[in-house]
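Throughout, protein chains are lettered first and strands after them, A, B, ... in sequence-line order, and every chain is numbered starting at 1. Keep in mind that this is a model prediction, so the values were computed, not measured.
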2 protein chains.
Amino acid sequence: MNTLVMASLRLCAGLAGRRSGLCVRSLRTLSGMTVSQIDEEVAKLLELKAQIGGDEGKHQFTLKTAKGTRDYNPKQMAIREKVFNTIIRCFKRHGAETIDTPVFELKETLTGKYGEDSKLIYDLKDQGGELLSLRYDLTVPFARYLAMNKITNIKRYHIAKVYRRDNPAMTRGRYREFYQCDFDIAGQYDPMIPDAECLKIVHEILSELELGDFRIKVNDRRILDGMFAVCGVPDDKFRTICSTVDKLDKMSWEDVRSEMVKEKGLSEEAADQIGQYVSMQGGMDLAELLLQDAKMSQSKQACAGLTDMKQLFSYLQLFQVTDKVVFDLSLARGLDYYTGVIYEAILTQTGPVPVVAAQKAEEGVSVGSVAGGGRYDGLVGMFDPKGRKVPCVGVSIGIERVFSIMEQKAEASAEKVRTTETQVMVASAQKNLLEERLRLTAELWNAGIKAEVMYKKNPKLLSQLQHCEDSGIPLVAILGEQELKDGVVKLRTVHSREEVDVSRAELVEAIKKRTSDV
Amino acid sequence: MNTLVMASLRLCAGLAGRRSGLCVRSLRTLSGMTVSQIDEEVAKLLELKAQIGGDEGKHQFTLKTAKGTRDYNPKQMAIREKVFNTIIRCFKRHGAETIDTPVFELKETLTGKYGEDSKLIYDLKDQGGELLSLRYDLTVPFARYLAMNKITNIKRYHIAKVYRRDNPAMTRGRYREFYQCDFDIAGQYDPMIPDAECLKIVHEILSELELGDFRIKVNDRRILDGMFAVCGVPDDKFRTICSTVDKLDKMSWEDVRSEMVKEKGLSEEAADQIGQYVSMQGGMDLAELLLQDAKMSQSKQACAGLTDMKQLFSYLQLFQVTDKVVFDLSLARGLDYYTGVIYEAILTQTGPVPVVAAQKAEEGVSVGSVAGGGRYDGLVGMFDPKGRKVPCVGVSIGIERVFSIMEQKAEASAEKVRTTETQVMVASAQKNLLEERLRLTAELWNAGIKAEVMYKKNPKLLSQLQHCEDSGIPLVAILGEQELKDGVVKLRTVHSREEVDVSRAELVEAIKKRTSDV
């Protein structure tokens, strides 16, 4: 306690010369205080100290964002807005509604949905009340929402941040807080029609975003399971072998085979048989071929999956997207809840910018997924008190990778990213015209014009023009004594430096005409 | 361990008849397992059980969102989007950029910024690594962002969710997770110009949202402090007396006076003197009057505040917003960080809907604040290692109250809220035309038309038309054998039931023409 009083006193002494008020008490007054009063006092004093900015360099704040997270600056926000607009436009074109759910859920809502990855869930501190966790994806909250509201069919998109205590790799767009853009179709429908629409949507979005060429791999959980069965994988090893197969986009077949045999205890024969299948890629023809395959056709599950795959490709042909879609038996997405078709989109070229090159350390290694999804017919039933199922299929756009690519693209491009939409700057070359500038600015605001004015009584014309150059404002409305007398404004086009006198009455129209493309 | 094995066995027995696979092992095999293996196994089985939906009614899930939070359904999202668009349009009209910050900050970043309210901060569980808290507002993260990036001037808006472990009152729009829409101007400028712009923005937004009449109360932290000083409030009681004055919008003067005297130990004379001042309301005239006031004029602080208040009103006159703004000496906002002008907007009538009536239990009681803000010149300096100050002023729109009002307004209105923007439904009256429907739908999507198609092989025409009625889709493009032969589509206007044959080549234009207002 003595130390605290001393600290408090030293602070008082240090500050006394600069400011009166809080520090007028003597040691005698202080000696009657309790520890908590002193704590409170110290906190107040430190706050005051921080406010007045004394004692340089002694702040203990760590000036940073939490690990794996980042701020978005205005330039990044402008890009983000553009990307979101493209994606939302596509979702709306397909007739989707949108919903939102809270950033945290009851912990039990997330329990048992993510298999091994559950360890990556952020929990909230128990501060009394419910146990809460930050959402890990948007799919489980969506399923909870459907069950809770007894919704049996909906087509919805949801764009929001999700949270994973993963190892961040921020230059590659892997964060602990990141956006997901999900589109899902829930409802009992004829097979493969909504599934095909999800793939059409991936095709549309990746084409419109102009990220370079891409491929969409498709497979089916039932084909994988059937394949494992006919290759002689024991039932209880399906999942673990599946997760090893999932590594084929990062590891060679030799390494994957070795993991299966040495770590997971699979027989060499089974591994080699799997090896033959997972090297297969194709389209509808491959599905037909495998339906005739002596071994594969023994599995009812596989046959159901393959028949649906054929159907899927027939719809994809109608949608004219088969150029980018490939049936790939090595695709095995990690999440537990998939029950049917699964898919994943990857960028196949480095694109117009070298961003992806760094990630492509070895030739032929995948540049990483930018979208993925599949069918999950059992998830909603996990939440329904009576276990009623609502079949669902959906896709999630991996938007952070897209941001990374777009940001570097913008960086490399000569074109400047505007972070405001201001059409006109209200300026003056002469002194004492602040009031006239404010009056005109308010007139423009009231007419719906995006206008800025400098918050200085007498700013220099040069600095007003400089601000326009810096932030890409295309027009300047210049006021002077003469203009005021004549009832006009000098409208200057920043780019061409051309100036023209416009009457006050016609100013709004003149600005609109000159900025119709903004 | 025995209990677990038994439980596992019981489950196996229960499931064995329905599904093979996971449950093929005998008790002999099980007896060699470790506890954690059994746990894992039990978890898998339970998950399987949930997936197949057996054992009705035995789910222990609590199907709810966390206390004080809510989902937004599509209708609420449509309203939210509309409100955000109005607000964002206004912020952009005033030349603002936007930023985003992570949903959680280092705990220490939030420490010492919110006074007593700090107990309402959500902390994350310590899972190894940094100690984190969910953001409590957008102002402190903004100040951290400015200091971290050494930004000395910016005009930015930020719309995002914040978190407070407060007592929720959801019917009144008070949640634990809620949106804030903040607009702030940082930078060293001539006095009161940015402050006036903030008030102009509140005026514009509340007018455009059409929530009924409103009033914006203005005061200044310096005027309050000066008033307390000249009324004889001891320096160390400023804050606590200030927080009592802040209750004047919910309590009568008698109760406020009693709290000051009995709970806070203020002298009766001081309380009565405060009482005289806090009953004063006015405009520039009141500021002038108080500058002449024998007592008030003794405080340098108060005089500085009053002089600025006069200046503020002169700018507000130029902006033509003085009709709604009132200088009110009883306004005393709670947050510690304000240093100058403070303001708060309230709705003054029940508006077009009775929503507010419930909150207006007694006549004359405030219906609650819908916007608030002020000047905080010290906050950024608290983060800067050298204590460098960046003067800031800003406003926060209390959007949840606005949502509540708008939602009930929509509820009361006959007009239906559309949750999609679909322009046309591709339909058929005949069987076996799924492929033709899909082909046409894809054509429309590719042409940028918002189109839907039913995911059924042979849906009934009536159910297709019913979907249009339900979701407000204005057009139906009907395909039949004859239309296909003739190369046309029957375009039906849902509202008028009028039908017209349109050639395939002209369909896109015909749809655009008929839905140009969507």
Side-chain angles (χ1 to χ4, degrees), chain A residues 21 43 47 50-51 53 56-57 59 61-63 65-67 69 71-74 77 92-93 95 97-104 106 112 123-125 130 132 145 148 177 189-190 193-194 235 318-319 378 381-383 385-387 419-422 435 438-439 442 445 450 452 455-457, chain B residues 21 47 50-51 53 56 59 61-63 65-67 69 71-74 77 92-93 95 97-104 106 112 122-125 130 132 145 147-148 177 189-190 193-194 235 318-319 378 381-383 385-387 419-422 435 438-439 442 445 450 452 455-457:
Chain A
E47 201 172 316
Q51 271 170 14
E56 276 86 334
H59 285 249
F61 296 121
T62 317
L63 257 184
T65 59
K67 185 179 175 188
T69 69
D71 297 317
Y72 284 82
N73 65 32
M77 286 299 279
K92 287 190 172 175
R93 195 160 56 231
E97 310 178 288
T98 185
I99 69 163
D100 196 15
T101 63
V103 82
F104 45 66
L106 298 187
D123 291 329
L124 269 73
K125 191 166 145 185
E130 303 154 332
L132 306 171
Y145 173 83
M148 194 172 130
E177 173 187 62
Y189 300 116
D190 282 321
I193 314 178
D235 286 4
L318 294 171
F319 288 163
M382 289 175 76
F383 288 106
K386 297 203 173 158
T419 58
T420 67
E421 297 175 8
T422 309
E435 303 206 342
L438 293 182
R439 199 193 310 273
W445 286 333
K450 294 167 192 148
E452 282 184 63
Y455 307 124
K456 297 267 183 188
K457 286 199 165 163
Chain B
E47 204 172 304
Q51 273 172 11
E56 276 88 333
H59 286 248
F61 296 120
T62 317
L63 257 184
T65 59
K67 186 178 175 187
T69 69
D71 296 317
Y72 285 82
N73 66 33
M77 287 298 280
K92 286 190 174 176
R93 194 160 57 232
E97 310 179 289
T98 185
I99 69 161
D100 194 16
T101 63
V103 82
F104 45 68
L106 297 187
Y122 277 98
D123 291 328
L124 269 73
K125 190 166 145 187
E130 303 154 330
L132 305 172
Y145 173 83
M148 193 172 131
E177 174 187 61
Y189 300 116
D190 282 322
I193 315 177
D235 287 5
L318 293 172
F319 288 163
M382 288 175 76
F383 289 106
K386 296 201 174 160
T419 58
T420 68
E421 298 175 9
T422 308
E435 303 206 342
L438 293 182
R439 202 194 308 274
W445 286 333
K450 294 167 192 148
E452 282 185 64
Y455 306 126
K456 298 268 183 187
K457 285 198 166 163

In terms of relative ring orientation, are B:Y122 and A:F104 parallel, tilted or perpendicular, with 30° and 60° separating the classes? tilted
Within this structure, what is the OG1-NZ distance for the pair A:T422 and B:K92, rounded to the nearest 0.5 Å? 10.5 Å
Residue, of A:T65, A:T69, A:D123, that accumulates the most heavy atom pairs under 4.5 Å with chain B: A:D123
Determine the minimum heavy-atom distance between B:D71 and A:Y145, stating which atoms define it. OD2-CD1, 3.4 Å
What is the minimum heavy-atom distance between B:P385 and A:L63, and which atoms define it? CD-CD1, 4.0 Å
Which pair of heavy atoms, one from B:Y455 and one from A:Y189, lies closest together, and at what distance? O-CB, 3.3 Å
Top of B:A147, B:A442, B:P74 for chain A proximity - count of heavy-atom pairs under 4.5 angstrom: B:P74
Residue from B:E452, B:K456, B:K125 scoring the most non-hydrogen pairs under 4.5 Å with chain A is B:K125
Check whether B:L438 gets within reach of chain A through its side chain, its backbone, both or neither, counting any heavy atom under 4.5 Å. both
Out of A:L132, A:T98, A:N73, A:T101, which one racks up the most heavy-atom pairs below 4.5 Å with chain B? A:T98
Using non-hydrogen atoms only, which part of A:E177 is less than 4.5 Å away from chain B: side chain, backbone, both, or neither? side chain
Could you tell me whether B:E130 and A:K67 make a salt bridge, using a distance below 4.0 angstrom between a side-chain N and a carboxylate O? no
Separation between OH of A:Y72 and CG of B:D100, rounded to the nearest 0.5 Å: 7.0 Å
